[in-house]
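Keep in mind that this is a model prediction, so the values were computed, not measured. Starting from 1, each residue takes its place in the sequence as its number. Numbering of ligands and ligand atoms starts at 1, following listing order.
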Amino acid sequence: MFPVFYSPQHARHAPSFEIFDGGERVPSYETPQRAERILSALRESGDFSILPPGDFGLEPILAVHSGDYVDFLRTAYAEWQNQARESAREALLPATFALPGWRRKPKSLLGRAGYYMNDLSAPITAGTWEAAFSAAQSAISAASSLTSGAKTAYALCRPPGHHASRSGCAGYCYLNNAAIAANWLSARAKVAVLDIDYHAGNGTQEIFYRRPDVLTLSLHADPEEEYPYFMGYATENGSGPGLGFHENFPLPPGTGDDAYLDTLERALERIREFEPGFLVVSAGMDIYGEDALGQFSISRAGIAAIGAQIAALRLPTALMQEGGYNTEALGRNVLALLRAFV
Ligand code: OKP
Ligand code: ZN
């Protein structure tokens, strides 16, 4: 029995569409149903105590994200309502983005949107801020339960967080829940962040890149072929004082249980050597073989084995929900992962 933090506020973020490559407008894959499926699977199992998050306010969020970016997230939707054409009111989503080395921050709303938004996969809708804030509070609540003695805690975060950088949203992510939790814990002890989502945890990588007190490791689809394309390569190992404290494990499409578990063992070996006081897991279930977006071939038994291997570290562990887009299977997959910690 360990705590699971869930807030119904997640449902206030429900974009009706997303933009695919080629400009195709499709129904959003990142839906409120995802969190509802997870919640019912965990509730039915009876193995967890499901709790509302506490309110830790903005301070732990502002320790990871810039104040101007957070202000933008909080206020952008209301501002958009004053200027959007009728048919574009649902979501703020720019069509022009700042390029690296071209980083003046304009005053206009669309200029700032292009500055803070890193791709077309993080539209800001009516309840986006409230949902993202509540997901971050669940993440901090899970971290906080570890410092109160829990061995394991899970935050049912939605929207996810690992693509959000210090000053940017992208890939369904607005506030980096795992980074906020890890940074909160880092005041007490060294922290390792292990990202098992199918996509590279580029936001988390960026946030801790220069820090030796937070080890970040990510197993994911090779960015050469897969989102987020521009980060997540094996040659990226941290910089300055953080050199040696980041590691990426890019894997080919079709990766199955055995290859994945071997690679995971190498990552866990690095964590053992680091001797952290806490572990934060970015738990994306889009590694599942039948995922709608992911291209790995991990089975549910494989997910259970991943959980068992991580649990064998015997570290105080806070797990954060990231991706997972086979909504039907998502509850059972999360349950398979979490049961290894019960
Ligand atoms: C979020 B998480 C490319 C579309 C890109 C963004 C995926 C975001 C995944 N065809 N879509 O890591 O699960
Ligand atoms: Zn993902």
Side-chain angles (χ1 to χ4, degrees), residues 10 13-35 37-38 91 93 95 97 117-124 128 131-132 135 139 155-165 168-179 193-207 216-232 248-251 253 255 260 280-298 303 306 319-327 329-330 333-334 337:
H10 80 83
H13 176 66
S16 70
F17 72 96
E18 68 175 281
I19 305 296
F20 261 24
D21 301 303
E24 192 188 358
R25 194 176 168 112
V26 300
S28 180
Y29 280 68
E30 203 291 286
T31 62
Q33 289 74 13
R34 296 179 56 251
R37 283 298 177 101
I38 298 171
L93 187 60
F97 297 90
M117 298 168 102
N118 294 332
D119 61 33
L120 289 167
S121 310
I124 296 181
T128 298
L156 209 175
C157 297
R158 190 188 161 267
H162 71 152
H163 299 306
S165 59
C169 55
Y172 311 151
C173 301
Y174 304 86
L175 296 175
N176 194 317
N177 306 308
V193 182
L194 173 67
D195 190 321
I196 62 167
D197 186 279
Y198 173 78
H199 302 94
N202 60 311
T204 312
Q205 171 175 338
E206 187 221 77
I207 287 164
T216 49
L217 306 173
S218 181
L219 278 68
H220 48 257
D222 191 343
E224 193 64 64
E225 301 289 344
E226 189 49 281
Y227 184 91
Y229 299 112
F230 311 108
M231 259 199 225
N248 289 316
F249 299 85
L251 296 163
T255 294
Y260 193 94
V280 172
V281 179
S282 268
M285 292 293 103
D286 39 8
I287 53 174
Y288 181 54
E290 314 299 318
D291 192 80
L293 294 180
Q295 305 285 335
F296 286 170
S297 308
I298 312 289
I303 290 171
I306 290 167
L319 300 108
M320 311 287 146
Q321 188 60 45
E322 301 282 0
Y325 307 101
N326 183 327
T327 306
L330 186 55
N333 287 343
V334 172
L337 181 80

Using a 4.0 Å heavy-atom cut-off, say whether [X] meets ligand 1 through its side chain, its backbone, both or neither.
{"X": "Phe20", "value": "neither"}
{"X": "Asp286", "value": "side chain"}
{"X": "His162", "value": "side chain"}
{"X": "Glu322", "value": "neither"}

Check: [X] side chain, [Y] main-chain N or O, donor-acceptor pair, under 3.5 Å:
{"X": "Arg158", "Y": "Ala35", "result": "no"}
{"X": "Asp119", "Y": "Gly171", "result": "yes"}
{"X": "Asp197", "Y": "Glu322", "result": "no"}
{"X": "Tyr198", "Y": "Gly324", "result": "no"}

Return yes when at least one N/O/S atom of His199 is nearer than 2.8 Å to the Zn ion (ligand 2), and no when none is. yes
Measure from the Zn ion (ligand 2) to each N, O or S atom of Glu322 and report whether any distance is below 2.8 Å. no
What are the atoms of ligand 1, with element, lying closer than 4.0 Å to any heavy atom of [X]?
{"X": "Gly171", "answer": "1 (C), 8 (C)"}
{"X": "Ser121", "answer": "6 (C), 11 (N)"}
{"X": "Tyr172", "answer": "1 (C), 8 (C), 9 (C)"}
{"X": "Asp197", "answer": "2 (B), 12 (O), 13 (O)"}
{"X": "Gly323", "answer": "13 (O)"}

Yes or no on side chain to side chain donor-acceptor pair (under 3.5 Å) for His220 and Asp195, after CA distance, side-chain angles and deciding distance? CA-CA 8 Å; His220 48 257; Asp195 190 321; over 6 Å; no
Rounded to 10°, the OD2/Asp197 to the Zn ion (ligand 2) to OD2/Asp286 angle comes out at 90°
Would you say that Leu219 contacts Ile287 through its side chain, given a criterion of any heavy-atom pair below 4.5 Å between the two side chains? no
Using side-chain heavy atoms (C-beta onward) and a distance below 4.5 Å, is Met285 in contact with Ile196? yes
Looking only at N/O atoms, are Asp21 and ligand 1 under 3.5 Å apart anywhere? yes
Would you check whether His163 has a nitrogen or oxygen atom less than 3.5 angstrom from a nitrogen or oxygen atom of ligand 1? yes
Among His162, Glu30, His13, Glu18, find the residue that satisfies the side-chain hydrogen bond (donor to acceptor under 3.5 Å, both in side chains) test when tested with Tyr172. Glu18
Who's the nearest protein heavy-atom neighbour of atom 2 (B) of ligand 1, and how far? Tyr325 OH, 3.3 Å
Of all the non-hydrogen atoms in the protein, which one sits nearest to atom 5 (C) of ligand 1, and at what distance? Tyr227 CD1, 3.8 Å
List the atom of Ala221, the atom of Glu226, and the distance in Å for their closest heavy-atom pair. CB-CG, 3.6 Å
Identify the heavy atoms of Gly323 and Arg34 that sit nearest to each other, and give their distance. C-NH2, 3.3 Å
